[in-house]
Amino acid sequence: MDRRVVTRRATLATIGGTAIGLTAGCLGGTDDEDVLGDPEYVEGRSDPGGVSMEELPDLSGELTVYSGRSEPRIGELMEYIESEYDEFSLEVRYDDTADLVGAIEAEDETPADVFYGSESQSMTDLKDDGHTVELSGDVLDRVDEGSRDSDGHWVGFTRRYRAVAYNTEAYDADDLPEDIFAYAEDDRFAGDIMWPPDQGSTQAFLTAMIAIHGEDEAREWVETLTNGQDAEISPGGDSGLAQAVTDGEVSVGLTNHYTLADGPGDTYDITFTSDDAGAMYNVTGGTVMADSDDRSTAEAFVEHLVSAEAQEYFATTTWEYPTIDGVDPIEEVPGTDEFEPPEFDLNELADPEPAQEILRDVGVPF
């Protein structure tokens, strides 16, 4: 094998740049070894299931990755994978997902071997335009069925759920509805609810609402939330919403579960609706580009991101939900047995225009 390190795990700093050593033992290492994706503050984590990187094909040659996920979120994992192989080099271009999709569409022949999307829509767009190739069954089968492309062109690396944020001094989780439509109708939330309609994740949520509940119900929900509840627009996306809820400027907000990872404050928590668009999820994920000169290595790299080590890294450092069996979400986020996400094909999120048309018609800025 060409690995520089077979049993040792590279020490990673936690997201945000604060160096925190990694605890040993999670993947069966000895006491003096560090384990990828298991920060010291996570105690009692069981050994991650799934396939270890050590069981996957070696990586060699050069790959270029276009990543819509930022370097602070995944850079350490990219460096770790590269460091595991003597004859492998990785060039990662970090940028906004939409800008990367635009670049690929403008390039005569993209240098990207792999596209790493921050949501499923971008990967579906590239697939529909003929820029991607179908992955092998070995890779697809590692990921749960609801987190991969029904046509086999991309796999999800993490799940990201919609959630209801609330100020813990105003409500307990049990006080809040499990029905997303109640947030547009319950008088308790009039003038006391916030959302970020300019965010792609919010527009994906509205797109899911159209797919699951129908366009008429989605339009009525936006109209009632806007005109009936006088919902506030977040001053700064999901981060601004989280801070507003923490500070008590509003008591509830419609956001994403991973705002918990940024630690807005002790008065901030989240809950979920159930079996409706309010509990929908999207995925980050990857796909192999049709222009790649080394599709087999590109696919092997994608497979590394659904390995046991990578999924443990995502769970413990980004607080997102793994897409493979055998790796649990971190205890700080609710388990998926505590709510019921709706079933739908993530490819249905590809076209945001109907959702944007509703926002325009109702007069919601985005």
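Residue numbers count from 1 along this sequence.
Comment: Glu303 engages Arg142 in a salt bridge, judged by a side-chain N to carboxylate O separation of less than 4.0 angstrom. Taking 4.0 Å as the cut-off between side-chain N and carboxylate O, Arg45 and Glu331 do not count as a salt-bridged pair.
Atom CG of Leu63 sits about 13.0 Å away from atom CE of Met289, to the nearest 0.5 Å. If you take CG on Asp216 and CD1 on Ile358, they are separated by 8.5 Å, rounding to the nearest 0.5 Å. The distance from the CE atom of Met53 to the CG atom of Asp58 is 12.5 Å, given to the nearest 0.5 Å. In this structure, the separation between CG on Leu90 and OG1 on Thr64 is 8.0 Å, given to the nearest 0.5 Å. Separating the CG atom in Asp276 from the CE atom in Met209 is a distance of 7.0 Å, to the nearest 0.5 Å. If you take CE on Met280 and CD1 on Ile180, they are separated by 11.0 Å, rounding to the nearest 0.5 Å.
Nearest heavy-atom pair, Pro329 versus Tyr321, reported as atom, atom and distance to 0.1 Å: CB-CD2, 3.7 Å. Between Leu346 and Gly146, the closest heavy-atom pair is CD1-O, 3.6 Å. The two atoms that bring Ser118 and Ser122 nearest to each other are N-OG, 4.5 Å, heavy atoms only. What you find for Arg73 and Tyr313 is that their closest heavy atoms are O-OH, 3.2 Å. Across Tyr166 and Ala173, no two heavy atoms sit closer than the pair OH-CB, 3.5 Å. Nearest heavy-atom pair, Pro341 versus Tyr161, reported as atom, atom and distance to 0.1 Å: CB-CE2, 3.7 Å.
Atom CG of Asp99 is surrounded by more than 12 heavy atoms from other residues, nucleotides or ligands within 6.0 Å. A 6.0 Å sphere centred on CD of Glu62 holds no more than 12 heavy atoms belonging to other residues, nucleotides or ligands.
Relative ring orientation between Tyr85 and His304 is described as perpendicular, the plane-to-plane angle rising above 60° on a 0-90° scale split at 30° and 60°.
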* Asked: How far apart are the C-alpha atoms of Thr259 and Tyr268, what are their side-chain angles, what is the distance that settles it, and do they pass the side chain to side chain donor-acceptor pair (under 3.5 Å) test?
  -> CA-CA 10 Å; Thr259 52; Tyr268 185 85; 2.7 Å; yes
* To do: Test side chain to side chain contact (heavy atoms under 4.5 Å, CB included) on Ile233 and Phe366 and set out the steps.
  => CA-CA 9 Å; Ile233 305 297; Phe366 66 93; over 6 Å; no
* Checking side chain to side chain contact (heavy atoms under 4.5 Å, CB included) for the pair Tyr80/Glu76: CA distance, chi angles, key distance, verdict? -> CA-CA 6 Å; Tyr80 172 80; Glu76 293 158 334; over 6 Å; no
* To do: Could you give me the CA-CA distance, side-chain angles and deciding distance for Thr287 and Asp149, then say whether side chain to side chain contact (heavy atoms under 4.5 Å, CB included) is met?
  => CA-CA 10 Å; Thr287 184; Asp149 175 32; over 6 Å; no
* To do: Take Asp113 and Arg295, measure what salt bridge (Lys or Arg N to Asp or Glu O under 4.0 Å) needs, and give me the verdict at the end.
  => CA-CA 7 Å; Asp113 298 287; Arg295 293 181 185 177; over 6 Å; no
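Annotation: side chain of Leu260 is in contact with side chain of Trp319 (closest heavy-atom distance under 4.5 Å). Between Pro334 and Ile270, the closest side-chain pair of non-hydrogen atoms falls below 4.5 Å. Here the side chains of Pro111 and Glu91 are not in contact, with every heavy-atom distance at 4.5 Å or above. When side chains are defined from C-beta on, Ile193 does not count as touching Glu232, because their heavy atoms never get closer than 4.5 Å. For the pair Met194 and Pro235, the minimum side-chain heavy-atom distance is below 4.5 Å. The side-chain heavy atoms of Leu349 and Thr124, taken from C-beta on, include no pair separated by under 4.5 Å. Contact of the Thr284 side chain with the Phe314 side chain is not registered, since no non-hydrogen atoms from C-beta on lie closer than 4.5 Å. In this structure, Val288 and Phe301 have side chains that are not in contact, with every pair of non-hydrogen atoms separated by 4.5 Å or more.
No side-chain donor-acceptor contact under 3.5 Å links Thr267 and Thr168. Using a 3.5 Å distance cut-off with no hydrogens or angles, the side chains of Ser52 and Glu309 do pair a donor with an acceptor. There is no side-chain donor-acceptor pair under 3.5 Å between Asp291 and Thr110. At a cut-off of 3.5 Å, with distance as the only test, a side-chain donor of Ser296 or Asp294 sits close to an acceptor on the other residue. For the residue pair Arg93 / Ser67, no side-chain donor-acceptor distance below 3.5 Å is found, with atom types taken as modelled. A donor and an acceptor atom, one from each side chain of Thr158 and Glu320, are located under 3.5 Å apart. A donor atom on one side chain and an acceptor atom on the other are not found under 3.5 Å apart for Asp125 and Gln121. Looking only at atom types and distance, the side chain of Thr255 has a donor-acceptor partner in the side chain of Asp238 under 3.5 Å away.
Under the 3.5 Å distance criterion, the side-chain polar atoms of Ser120 are left unmatched by any main-chain donor or acceptor of Asn282. Under the 3.5 Å distance criterion, the side-chain polar atoms of Thr273 are matched with a main-chain donor or acceptor of Ala279. Remark: side-chain polar atoms of Arg162 are not paired, donor with acceptor, to backbone N or O of Phe272 under 3.5 angstrom. Checked by atom type and distance alone, the side chain of Asp172 never pairs as donor or acceptor with a backbone atom of Asp174 at under 3.5 Å. At least one donor-acceptor pair closer than 3.5 Å links the side chain of His213 to the backbone N or O of Ala277. In terms of modelled atom types and a separation under 3.5 Å, the side chain of Asp95 and the main chain of Leu100 share no donor-acceptor contact. Under the 3.5 Å distance criterion, the side-chain polar atoms of Ser147 are left unmatched by any main-chain donor or acceptor of Val143. Without hydrogens or angle criteria, Gln311 side chain to Leu305 main chain gives a donor-acceptor distance under 3.5 Å.
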Enumerate donor-acceptor pairs with a distance under 3.5 Å from any side-chain N or O in residues 131-140 to protein atoms, sequence neighbours excluded.
residue : atom : partner : partner atom : Å
Thr132  : OG1  : His153  : ND1          : 2.8
Ser136  : OG   : Glu299  : OE2          : 2.8

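Residues passing the side chain to side chain contact (heavy atoms under 4.5 Å, CB included) test with Asp345, sequence neighbours excluded: Ser150, Asn347, Glu348. Listed by chain and residue number, Glu353 satisfy the salt bridge (Lys or Arg N to Asp or Glu O under 4.0 Å) test with Arg360 (two or more places apart in sequence, or in another chain). Scored by the side chain to side chain contact (heavy atoms under 4.5 Å, CB included) test, Asp266 finds no partners at all (sequence neighbours excluded).
Counting only residues at least two apart or in different chains, side-chain hydrogen bond (donor to acceptor under 3.5 Å, both in side chains) contacts with residues 219-230 comprise Arg219-Asp361. Applying the side-chain hydrogen bond (donor to acceptor under 3.5 Å, both in side chains) test to pairs two or more places apart or on separate chains, those with a residue in residues 183-204 are Asp186-Arg188, Asp192-Ser251, Ser201-Asn256, Gln203-Gln356.
Hydrophobic clustering, with ILVMFWY side chains joined whenever heavy atoms are under 4.5 angstrom apart, keeps Tyr258 apart from Val327.
Stacking of Arg69 on the aromatic ring of Tyr116 is not recorded, the 6.0 Å distance cut-off and the 45° axial limit not both being met.
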